Q: 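One structure follows; several queries about it will come next.
Owing to the predicted nature of the structure, the values given are computational and were not obtained by experimental measurement. Values below: every heavy atom of this structure, side chains too, minus hydrogens, waters and symmetry copies.
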Amino acid sequence: MDPQTQLDLSKLNDSDKKELNTILAGEAQKATLQQTVHSLNDTCWKKCITSNISSGSLSKSEETCAQNCVDRWMDTQMSILKQLETMRG
């Protein structure tokens with residue numbers, strides 16, 4: 001980044017710093033979600049897509065496998081969240 005365009009964060013007031021931190025936290029969450037979706041997509045693709053997709057669509061078995069892969073991932077995430085909530089009390 002060009003030094004002339006860099007922001008001097010020490011000049012921000014507390015309200016602006018808080019707003020900036022909130023924005024940055026939101027962007028970090030978006031990046032984490034995007035990485036998770038990419039990883040899920042990659043995993044399910046490698047597991048389920050076994051043919052060249054020349055027709056522009058998946059075969060019925062590939063489509064079913066991909067849907068089951070996503071469903072199992074969602075089930076696992078929900079189970080983990082429930083367990084973490086239980087541990088928190």
Side-chain angles (χ1 to χ4, degrees):
M1 182 179 265
D2 184 349
Q4 292 180 342
T5 60
Q6 284 185 341
L7 196 61
D8 185 357
L9 298 180
S10 66
K11 293 182 180 178
L12 294 176
N13 62 39
D14 287 342
S15 176
D16 288 341
K17 287 178 184 177
K18 184 176 180 179
E19 181 179 357
L20 179 59
N21 282 332
T22 300
I23 291 169
L24 292 175
E27 291 300 313
Q29 286 179 329
K30 285 183 205 176
T32 299
L33 180 59
Q34 287 174 334
Q35 181 58 39
T36 301
V37 169
H38 176 75
S39 177
L40 172 63
N41 185 35
D42 189 51
T43 298
C44 292
W45 184 274
K46 288 177 181 175
K47 178 179 180 181
C48 298
I49 312 307
T50 58
S51 66
N52 290 334
I53 305 175
S54 57
S55 67
S57 61
L58 302 176
S59 71
K60 184 66 177 163
S61 64
E62 290 171 332
E63 188 176 326
T64 300
C65 178
Q67 184 62 54
N68 286 337
C69 182
V70 171
D71 288 346
R72 295 302 70 81
W73 182 86
M74 291 295 291
D75 291 344
T76 301
Q77 296 306 306
M78 292 305 293
S79 179
I80 290 169
L81 286 173
K82 286 179 183 177
Q83 183 62 33
L84 289 174
E85 284 181 18
T86 301
M87 292 170 61
R88 290 175 83 188

Q: Excluding sequence neighbours, so at least two apart, what forms salt bridge (charged side-chain N to carboxylate O under 4.0 Å, His left out) with K11?
A: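 Per chain and number, K11 pairs via salt bridge (charged side-chain N to carboxylate O under 4.0 Å, His left out) with no residue.
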Q: Can I get a per-line list of side-chain donor-acceptor pairs under 3.5 Å for residues 23-36, giving both atom names and the distance, sequence neighbours left out?
A:
{"from": "E27", "atom 1": "OE2", "to": "K30", "atom 2": "NZ", "distance (Å)": "3.0"}
{"from": "T32", "atom 1": "OG1", "to": "A28", "atom 2": "O", "distance (Å)": "3.0"}
{"from": "T36", "atom 1": "OG1", "to": "T32", "atom 2": "O", "distance (Å)": "2.9"}

Q: Just jot down the side chain to side chain donor-acceptor pair (under 3.5 Å) partners of D71, sequence neighbours excluded, or say none.
A: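 Partners of D71 by the side chain to side chain donor-acceptor pair (under 3.5 Å) criterion, ordered by chain and then number, come out as Q67.
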Q: Roughly how far, to the nearest 0.5 Å, is OG1 of T22 from NZ of K17?
A: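 Separation between the atoms: 14.0 Å.
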Q: Who are the side chain to side chain contact (heavy atoms under 4.5 Å, CB included) partners of N41, not counting sequence neighbours?
A: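 For N41 there are no side chain to side chain contact (heavy atoms under 4.5 Å, CB included) partners, ignoring immediate neighbours.
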Q: Which heavy-atom pair separates C48 from A66 by the least distance, and what is that distance?
A: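 For C48 and A66, the tightest heavy-atom pair comes out as SG-N, 3.4 Å.
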Q: Check side chain to side chain contact (heavy atoms under 4.5 Å, CB included) between I49 and all other residues, then give those that pass, not counting sequence neighbours.
A: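 Testing I49 for side chain to side chain contact (heavy atoms under 4.5 Å, CB included), a comparison that skips the adjacent residues, returns W45, I53, L58, E62.
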Q: How would you list, by chain and number, every residue that makes a salt bridge (charged side-chain N to carboxylate O under 4.0 Å, His left out) with D75, sequence neighbours excluded?
A: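 With sequence neighbours excluded, D75 shows a salt bridge (charged side-chain N to carboxylate O under 4.0 Å, His left out) to R72, given in chain and number order.
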Q: Could you identify which residues cluster with M78, counting Ile, Leu, Val, Met, Phe, Trp and Tyr as linked when any side-chain heavy atoms lie under 4.5 Å apart, either directly or through a chain of such contacts?
A: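 Noted: M78 shares its cluster with L81.
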Q: Can you pull the side chain to side chain donor-acceptor pair (under 3.5 Å) pairs that have at least one residue in residues 76-89, sequence neighbours excluded?
A: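 Listed by first then second residue: nothing to list.
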Q: Would you confirm whether N13, through its side chain, and S15, through its main-chain N or O, come within 3.5 Å as a donor-acceptor pair?
A: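 A pair under 3.5 Å: yes.
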Q: List the residues meeting side chain to side chain contact (heavy atoms under 4.5 Å, CB included) with K47, not counting sequence neighbours, and say none if there are none.
A: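 Side chain to side chain contact (heavy atoms under 4.5 Å, CB included) check on K47 returns C65.
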Q: Can you sort out the partners of K60 under side chain to side chain donor-acceptor pair (under 3.5 Å), two or more places apart, ordered by chain and number?
A: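 By the side chain to side chain donor-acceptor pair (under 3.5 Å) rule, K60 matches no residue at all.
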Q: Taking side chain to side chain donor-acceptor pair (under 3.5 Å) as the definition, give me every residue that meets it alongside D42, ordered by chain and number, with sequence neighbours left out.
A: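 Partners of D42 under the side chain to side chain donor-acceptor pair (under 3.5 Å) test: K46.
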